[in-house]
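Data first, discussion second: the structure below is written as structure tokens.
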Number of protein chains: 2
Amino acid sequence: MADNIHPYQRLQIELADLIEKTAPGDRLPSEPLLAQQMGVSRATLREAMRAFEGQGLIRRRQGIGTFVVGRTSVIESGLEVLQSIETSADSINLKISMGDLRIHQIKADSDLAKELGVDEGSPLVRVERVILGDNRPVAYLIDILPENILTAADLDEGFNGSVLDLLLQRGSPNLLKSYTEINAVAASSEVSRALEIQRGDVMEKFIGWLYAQDGQVVDYSISYFLPGYFRFHVVRRVGSVVKSQK
Amino acid sequence: MADNIHPYQRLQIELADLIEKTAPGDRLPSEPLLAQQMGVSRATLREAMRAFEGQGLIRRRQGIGTFVVGRTSVIESGLEVLQSIETSADSINLKISMGDLRIHQIKADSDLAKELGVDEGSPLVRVERVILGDNRPVAYLIDILPENILTAADLDEGFNGSVLDLLLQRGSPNLLKSYTEINAVAASSEVSRALEIQRGDVMEKFIGWLYAQDGQVVDYSISYFLPGYFRFHVVRRVGSVVKSQK
DNA sequence: CAGTGGTCTAGACCACACG
DNA sequence: GTGTGGTCTAGACCACTGA
């Protein structure tokens, strides 16, 4: 008796069928209706839908409905080189656009002072933006810089959204490298709001420290990427040091 | 009136307090009891607990209870160099051990044949293992190799668990580099079982192709890492090509 | 306004670990 | 067996969208 499976496992098979048979962009039946059709409670249906949401196959929008997402272009990016999303997308002829852009002047709290190597209370600029691909938010990027590197006024005109591109074009300060940490995280309420996803959804998170040639941190960045829309890769050379076998 | 918050937000604050006041390793009150104490339903409590699970602060075990996890050591690893977890951990004097090790002989299906560049039906070896740190599963690693590279017999003795270390020690074939893709994913049922976590929990997933100097793929690997136990980082040089500002 | 997804409740039964 | 977390139900109300 192989009925040992849970309803959500059976549901996922039925849902996969349904999603495949539904044209991209079309709406699925409403949750109460689907739950009834499939003979489960709404909670169970939502549980089963979770997986498809995480893979980016469907998208739920409060007040409107649940939609099937078409297979969309993927932004491919090697990690060896730091380049802006705009540059990455451009190099493969992919069109993206900038959604919300917010620029604030803030003061360094103790955490930021430590990350940027400045005094607590120093003036900083916080640039926060959402990247759209296929007309939906796919990345949420936060840059924080000392105000002596970049002032809000610098961002007024001809700003494509990327702080990195702006610094590179300006040519000063001379940029050395970026140290970037990579993590998988669950979306917080704040991030899920910005990206129009569900709280707890899976995100790729980068934390980056951009160094100038004089060693100063010129940009502390926190970036969130929706899985499925990006393909990050790295070429790793084979290590020479080996732990000896016991 | 700032009561616009949801119960789970208030709950998360109360839970954070509770977790902090509880000694690492200790058990929290049972879910029904906690839910009653905090005045919510069990479903809501579990929803609020999700976040802490994702951060690795608590661990739920069916039939036993929910436990507070002590801050544990972190395996730090640069992505530029491919080295085994054993070697990474060893270089920072961190003790890890190998849990389940399973070795199977399989035949290449069409997917695997494509990834490894072999004929469909070719004999392959699948090495599957769980890494333990702090006595809990923290990584789930799958290596798949053509049988002419590695046979199950090669793994019989003096095997520390790492296929990479074994190949390096043997010295043949000569390894060139690894191409690795990085993704955030939700844990499938299979992965959640292996790592004793919840279905849907956040995981970092690596897919790697290890190349020999003759260009052959000698190892196709799929790796899952529990966030919070690893710190992956990469040093990125600054790109020279810049998308022009409009 | 009606209809959607987001959240919540108060139960229930199950699979599992342990004595 | 007892107690735990894992799953499920059948409701309910809310916040949001669009007509």
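Only heavy atoms go into these numbers, but all of them, side chains included; no hydrogens, no water, no symmetry mates. From a predicted model like this one, the values you see are computed outputs, not experimental measurements. First the proteins, then the strands, lettered A, B, ... as listed; each starts at 1.
Atom CD in A:Q36 sits roughly 13 Å away from atom P in D:dT9 (whole-Å rounding). The CG atom of B:L45 sits 13 Å away from the P atom of D:dT4 (whole-angstrom rounding). For the pair B:R193 CZ and C:dA15 C1', the interatomic distance rounds to 13 Å; values are reported in whole Å. Taking atom CZ on A:R59 and atom P on D:dT17, their separation rounds to 12 Å, with Å as the unit. A straight line from CD of A:E47 to C1' of C:dG6 spans 15 Å, rounded to a whole angstrom. Rounded to whole angstrom, the span from the NE2 atom of A:H6 across to the C1' atom of C:dC16 amounts to 11 Å. Between A:E196 atom CD and C:dG6 atom P there is a gap of 12 Å when expressed in whole angstrom units. Rounded to a whole Å, the CG atom of B:L34 is 17 Å from the P atom of D:dG3.
A cation-pi contact, defined as under 6.0 Å to the ring centre and within 45° of the axis, links A:R199 to B:Y8.
Side-chain atoms of B:S192 and B:S189 form no donor-acceptor pair, as typed in the model, at a separation below 3.5 Å. Between the side chains of B:D165 and B:S84, at least one donor N or O sits under 3.5 Å from an acceptor N or O.
Among the nucleotides D:dC8, C:dC8, D:dT7, the one closest to any side-chain atom of A:T44 is D:dC8.
Dashed line: the shortest gap from a side-chain N or O of A:Y8 to OP1 or OP2 of D:dC8 is not under 4.0 Å.
Note that the CD1 atom of A:I207 and the OG1 atom of A:T180 stand 10.0 Å from one another [nearest 0.5 Å]. One distance of note links CD of B:E14 with CD of B:Q12; it measures 11.0 Å at 0.5 Å rounding.
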Please list each protein N or O that sits under 3.5 Å from an N or O in nucleotides 3-5 of chain C, with the distance.
unit_1, atom_1, unit_2, atom_2, d
C:dG3, N2, A:G63, O, 3.0
C:dT4, O2, A:G63, N, 3.2
C:dG5, OP1, A:T66, N, 3.1
C:dG5, OP1, A:T66, OG1, 3.1
C:dG5, OP2, A:E31, N, 2.8
C:dG5, N2, A:Q62, NE2, 3.1

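The two atoms that bring A:L11 and A:M38 nearest to each other are CD2-SD, 3.2 Å, heavy atoms only.
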